[in-house]
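Heads up: numbering here begins at 1 and tracks the sequence.
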Amino acid sequence: MDKEAAPPPTAVHAHAPPISPASSSSSPAFRDPQDDGAVPVGNCRLSGEGRFRGGAAGRGAAMAPKGKVGTKGKKQIFEENKDTLRFYLRIILGANAIFGIVNLGIFYITATIWTWVAFVFSLMVYGASYQSMRSMAKPTFAEGGSLADGGIDLNMEQGMAEHLKDTILLTAIVQVLSCFSLYMWYFWLLAPGRALYLLWVNLLGPWLTAESPAANQEPNEKKQRRQERRQMKRF
């Protein structure tokens, strides 16, 4: 008997795409949730959008961009000046209250003329310093009521307001400590000492040590003559 012919193999349709591991892994059912199509490069990953992630590059991306620090606006200066004046006014009132209750209230019998002198002196320092700060921070408003100028920034470093605030703080500390002994007022001499130091460094010192133009002109003339002599010798 003749053997039956085997059935021909099933033909593969030409239009059916071949199944590859990459395509099966990229299907939604088999896709890794941590795989976003990024190509590993060293310890970094380069995604399809061309961004490096991971390692030092990822940490650098989280850093804030460097640039010029923005200046304060007039409204911000106005609000900060109000808070600064309110803060130092509380310090002044608190120090005077403590000094008055202790020296002029509880120990009124032992109070001397120097106690009143110290009290009046502290009031004068407070008044001059605080009033100067208020005049510096005085705002300017337009006709419609809008803020036109917030005044001078009292929190600006190396400004005049910085020295006025230091004077108020020094006076308040010395005034409170003088409740134990009036000799504490000797520490207030740090204020004029600091003023003399700044005056010497910024004004008197440079003015006294500055060389005169005539003294600078003589060495220049000597150098010029030497150069002329050297040129004549060459010729």
Side-chain angles (χ1 to χ4, degrees), residues 64 66 68-141 147-210:
K66 296 181 180 180
K68 184 178 180 181
V69 180
T71 56
K72 295 181 180 179
K74 53 187 177 182
K75 186 175 181 180
Q76 183 181 0
I77 294 175
F78 174 69
E79 295 296 334
E80 290 182 356
N81 286 345
K82 286 200 310 183
D83 295 338
T84 301
L85 290 174
R86 190 182 301 112
F87 173 76
Y88 282 93
L89 179 60
R90 291 174 180 174
I91 290 179
I92 292 172
L93 295 178
N96 283 319
I98 295 174
F99 185 86
I101 292 173
V102 175
N103 288 337
L104 305 179
I106 299 175
F107 299 103
Y108 175 77
I109 300 176
T110 60
T112 61
I113 187 63
W114 294 109
T115 306
W116 289 97
V117 169
F119 183 68
V120 173
F121 175 75
S122 61
L123 291 179
M124 293 174 59
V125 174
Y126 288 142
S129 302
Y130 188 79
Q131 198 62 31
S132 299
M133 291 173 61
R134 283 191 62 184
S135 61
M136 292 171 62
K138 186 176 181 180
T140 304
F141 295 93
L147 183 64
D149 185 15
I152 300 176
D153 188 5
L154 297 179
N155 299 312
M156 181 175 56
E157 296 182 359
Q158 303 298 329
M160 185 61 188
E162 199 73 19
H163 303 300
L164 295 174
K165 291 188 291 185
D166 291 342
T167 303
I168 292 176
L169 291 176
L170 177 63
T171 306
I173 293 172
V174 172
Q175 187 180 21
V176 173
L177 293 178
S178 65
C179 296
F180 303 96
S181 175
L182 289 177
Y183 289 103
M184 292 294 178
W185 279 101
Y186 284 109
F187 287 103
W188 198 89
L189 296 176
L190 294 173
R194 172 69 175 174
L196 292 175
Y197 170 77
L198 294 176
L199 182 65
W200 171 261
V201 171
N202 297 323
L203 185 62
L204 296 179
W207 180 68
L208 294 175
T209 57

> Roughly how far apart are Asn81 CG and Asn155 CG, rounded to 0.5 Å?
Replying inline: 6.5 Å

>> Can you pull out every ring pair (Phe, Tyr, Trp, His ring centres under 6.0 Å) where at least one residue sits in residues 84-119? Sequence neighbours excluded, please.
In response: Phe99-Phe119

>> For Val102 versus Cys179, what's the shortest heavy-atom pair and its separation?
In response: CG1-CB, 3.8 Å

> Quick one: CG on Leu177 to CG on Leu182, what's the gap to the nearest 0.5 Å?
Replying inline: 11.5 Å

>> I'd like to check the side chain to side chain donor-acceptor pair (under 3.5 Å) partners of Asn103; sequence neighbours left out, ordered by chain and number.
In response: none

> Looking at residues at least two apart in the chain, or sitting in another chain, which of them share a salt bridge (Lys or Arg N to Asp or Glu O under 4.0 Å) with Lys82?
Replying inline: Glu79

>> Within this structure, what is the CD-CG distance for the pair Glu162 and Asp153, rounded to the nearest 0.5 Å?
In response: 10.0 Å

>> Would the distance check show the side chain of Tyr126 and the main-chain N or O of Leu93 forming a donor-acceptor pair, the cut-off being under 3.5 Å?
In response: no

>> Contact between Lys165 and Thr84 at the side-chain level, heavy atoms closer than 4.5 Å - yes or no?
In response: yes

> Of all residues at least two apart in sequence or in a different chain, which pass the side chain to side chain donor-acceptor pair (under 3.5 Å) check with Ser122?
Replying inline: Gln175

Contacts under 3.5 angstrom, residues 187-201 side chains, donor-acceptor by atom type, not counting sequence neighbours:
from, atom 1, to, atom 2, distance (Å)
Trp188, NE1, Thr171, OG1, 2.8

> Which distance, rounded to the nearest 0.5 Å, do you find between the CD1 of Ile91 and the CG of Asn96?
Replying inline: 12.0 Å

> At what distance, to the nearest 0.5 angstrom, does OG of Ser129 lie from CD1 of Ile168?
Replying inline: 5.0 Å

> Taking atom CG of Leu154 and atom CG of Leu85, what is their separation to the nearest 0.5 Å?
Replying inline: 5.5 Å

> Who are the salt bridge (Lys or Arg N to Asp or Glu O under 4.0 Å) partners of Arg86, not counting sequence neighbours?
Replying inline: Asp83

